[in-house]
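I have placed the structure first, in the form of structure tokens, so that the comments after it can refer back to it.
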Amino acid sequence: MKVEKLLEIIGADFYTGVPDSQLRALCDCLMGKYGIDPKHHMIAANEGNCTALAAGYHLATGKVPVVYMQNSGEGNIINPVASLLNDKVYAIPMIFIVGWRGEPGVHDEPQHIYQGEVTIKLLEDMGIQCFVIGKDTTDEEVASVMNEYRKVLESGKNVAFVIRKGALSYEGKVVYENDFSMTREEIIQHIVKVSGEDPIVSTTGKASRELFETRVANGQSHKYDFLTVGSMGHSSSIALGVAINKPDTKVWCIDGDGAALMHMGAMAVLGANAPENMIHIIINNGAHETVGGMPTVASNINFVDIAKACGYPNAVSVGTFEDLDLELERAKSRKALSLIEVKCSIGARSDLGRPTTTALENKQNFMDYIKTL
């Protein structure tokens, strides 16, 4: 189905969401049509943020907004759906467009398997009526469903379109780029060189994949790394938990700007605890690059000032490998929590692989290594 037709059938004029590779056609279409425009299209920090933003739009306009997300974001919307949107509370109507990663019977990464199994059930449990769009779904079927949905929305309830892999298409081309030259993979290689045998917790997406391949290229063990393949936005909290309980071991966290934004409250908790043995690195390309390159708001904020306001005693931003190496060495040698923001280009190798170990193997190898420290 052409995504332009879906938007025409839905008939909304405000969209907000967190980008998803399964919804790449939708995201590119919205960027091509609106860009980032507070009146029509906003990319928010997390899916709960999107839902509340859309609720505000409805309160101000009386119109029905659309929230788009990967199905992993369903967990982030449970609270606002149940305690804000629900027809037993404020009865705020909303249309959700959900990318179905990990659909049963469709091969996907391990972090998507269980989420894929419960995607429809979670929506139903939240009282959200849903319709699945696949490659063979016709425009007429979607239009018919939308006619029924309008009656549901008028009663103050919510509805959803669940999008199967390859169900939406878009012929337009949107280019995502920035002015920075350092690639994320090279940045990770520099981090690995300085960190030595210190444990590293890495964020979801291509950063963990590049860390895995860096170890392969170096002939190193993967035992040093905990790859947070799912649970976006939580790697710094995982690293904090490790650091607190291994106070004599330097613990590194490789984070991304989109992930750091998703649960930024974690930085306040980190700063308040200020573990002397932790280094928090945010690789900032101002984009949700793993799922296609759609922008985050990280290009317009100052992570260094945020970190200092949260209580980090040391926080710097770097844009060259010379400065990166200098700050990595400084952070490794000092006994104090450090944040290093690294300005990064958008893009990755086209042949970038995925971890060849299972998530359980990764966890066990990491835990076995941590016990020796």
Side-chain angles (χ1 to χ4, degrees), residues 3-4 6-21 23-70 73-74 76-77 79-81 84-85 90-99 153 156 158-161 163 168 170 172-179 232-233 256-265 267 282 284-303 305-306 309 346:
V3 70
E4 295 94 332
L6 175 61
L7 299 188
E8 177 187 324
I9 291 170
I10 290 174
D13 70 355
F14 179 74
Y15 294 79
T16 181
V18 176
D20 170 36
S21 56
L23 300 178
R24 176 70 184 267
L26 172 66
C27 296
D28 284 352
C29 181
L30 291 172
M31 286 300 297
K33 184 175 183 179
Y34 300 121
I36 300 299
D37 177 356
K39 290 289 186 180
H40 298 289
H41 177 228
M42 295 180 68
I43 295 175
N46 64 56
E47 295 80 5
N49 179 199
C50 299
T51 303
L53 177 60
Y57 166 85
H58 172 75
L59 293 174
T61 67
K63 298 178 183 179
V64 178
V66 177
V67 171
Y68 62 87
M69 70 184 82
Q70 184 181 111
E74 287 182 345
N76 284 334
I77 70 169
N79 178 264
V81 167
L84 177 66
L85 307 189
Y90 287 108
I92 296 176
M94 203 164 292
I95 300 168
F96 292 96
I97 299 179
V98 182
L153 293 163
N158 312 129
V159 299
F161 289 105
I163 311 300
L168 299 180
Y170 177 62
K173 298 295 182 184
V174 181
V175 177
Y176 303 103
E177 57 187 4
N178 61 30
D179 296 327
M232 182 173 171
D257 57 294
L261 288 168
M262 183 164 279
H263 296 294
M264 194 181 281
M267 291 182 69
I282 299 177
N284 183 3
N285 59 11
H288 287 285
E289 196 263 313
T290 293
V291 294
M294 289 67 74
T296 70
V297 297
S299 297
N300 302 316
I301 66 172
N302 190 318
F303 275 120
D305 285 351
I306 291 169
I346 297 174

Which residues satisfy the side-chain hydrogen bond (donor to acceptor under 3.5 Å, both in side chains) test with [X], sequence neighbours excluded?
{"X": "Y170", "result": "none"}
{"X": "E177", "result": "none"}
{"X": "S21", "result": "R101"}

Who passes side chain to side chain contact (heavy atoms under 4.5 Å, CB included) against [X], sequence neighbours left out?
{"X": "I10", "result": "L6, A12, Y15, V66, I95, I97, M146, F161"}
{"X": "N178", "result": "F180, N285, S345, I346"}
{"X": "A160", "result": "F96, L123, I128, C130"}
{"X": "P93", "result": "H58, V64, L153"}

Is a donor on one side and an acceptor on the other found under 3.5 Å between the side chain of T16 and the backbone of M42?
->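 A pair under 3.5 Å: yes.
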
Return the minimal non-hydrogen interatomic distance between [X] and [Y], and the atom names on each side.
{"X": "T51", "Y": "P80", "result": "CG2-CB, 3.9 Å"}
{"X": "C29", "Y": "E4", "result": "SG-CG, 4.1 Å"}
{"X": "L168", "Y": "V3", "result": "CD1-CG2, 4.2 Å"}
{"X": "A55", "Y": "L84", "result": "CB-CD2, 3.9 Å"}
{"X": "C27", "Y": "Y176", "result": "O-OH, 4.2 Å"}
{"X": "P65", "Y": "A54", "result": "CG-O, 3.4 Å"}

To the nearest 0.5 Å, what is the distance between [atom1] ([X]) and [atom2] ([Y])?
{"X": "M267", "Y": "I306", "atom1": "CE", "atom2": "CD1", "value": "6.0 Å"}
{"X": "L261", "Y": "N284", "atom1": "CG", "atom2": "CG", "value": "8.0 Å"}
{"X": "L30", "Y": "L23", "atom1": "CG", "atom2": "CG", "value": "9.5 Å"}
{"X": "L85", "Y": "N158", "atom1": "CG", "atom2": "CG", "value": "5.0 Å"}
{"X": "N49", "Y": "N76", "atom1": "CG", "atom2": "CG", "value": "9.5 Å"}

If you look only at pairs with a residue in residues 37-46, which of them pass as a side chain to side chain donor-acceptor pair (under 3.5 Å), with sequence neighbours excluded?
->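 For residues 37-46: H41-Y68.
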
Decide yes or no for M94 and V159: does some side-chain heavy atom of the first lie under 4.5 Å from some side-chain heavy atom of the second?
->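 No, every pair of side-chain atoms sits at 4.5 Å or beyond.
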
Any side-chain heavy-atom pair from M232 and Q70 closer than 4.5 angstrom?
->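 No, their side chains stay 4.5 Å or more apart.
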
Set of residues satisfying ring pair (Phe, Tyr, Trp, His ring centres under 6.0 Å) with respect to F303, sequence neighbours excluded |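 Not a single residue meets the ring pair (Phe, Tyr, Trp, His ring centres under 6.0 Å) criterion with F303.
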
Can you name the residues that form a ring pair (Phe, Tyr, Trp, His ring centres under 6.0 Å) with Y90, not counting sequence neighbours?
->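 For Y90 there are no ring pair (Phe, Tyr, Trp, His ring centres under 6.0 Å) partners, ignoring immediate neighbours.
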
Less than 3.5 Å apart, which donor and acceptor atoms pair up between the side chains of residues 294-301 and the rest of the protein, not counting sequence neighbours?
residue	atom	partner	partner atom	Å
T296	OG1	D257	OD2	2.7
T296	OG1	A298	N	3.1

Qualifying salt bridge (Lys or Arg N to Asp or Glu O under 4.0 Å) pairs with a residue from residues 47-69, counting only residues at least two apart or across chains =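 For residues 47-69, and leaving out neighbouring residues, the salt bridge (Lys or Arg N to Asp or Glu O under 4.0 Å) pairs sorted by first residue read D13-K63.
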
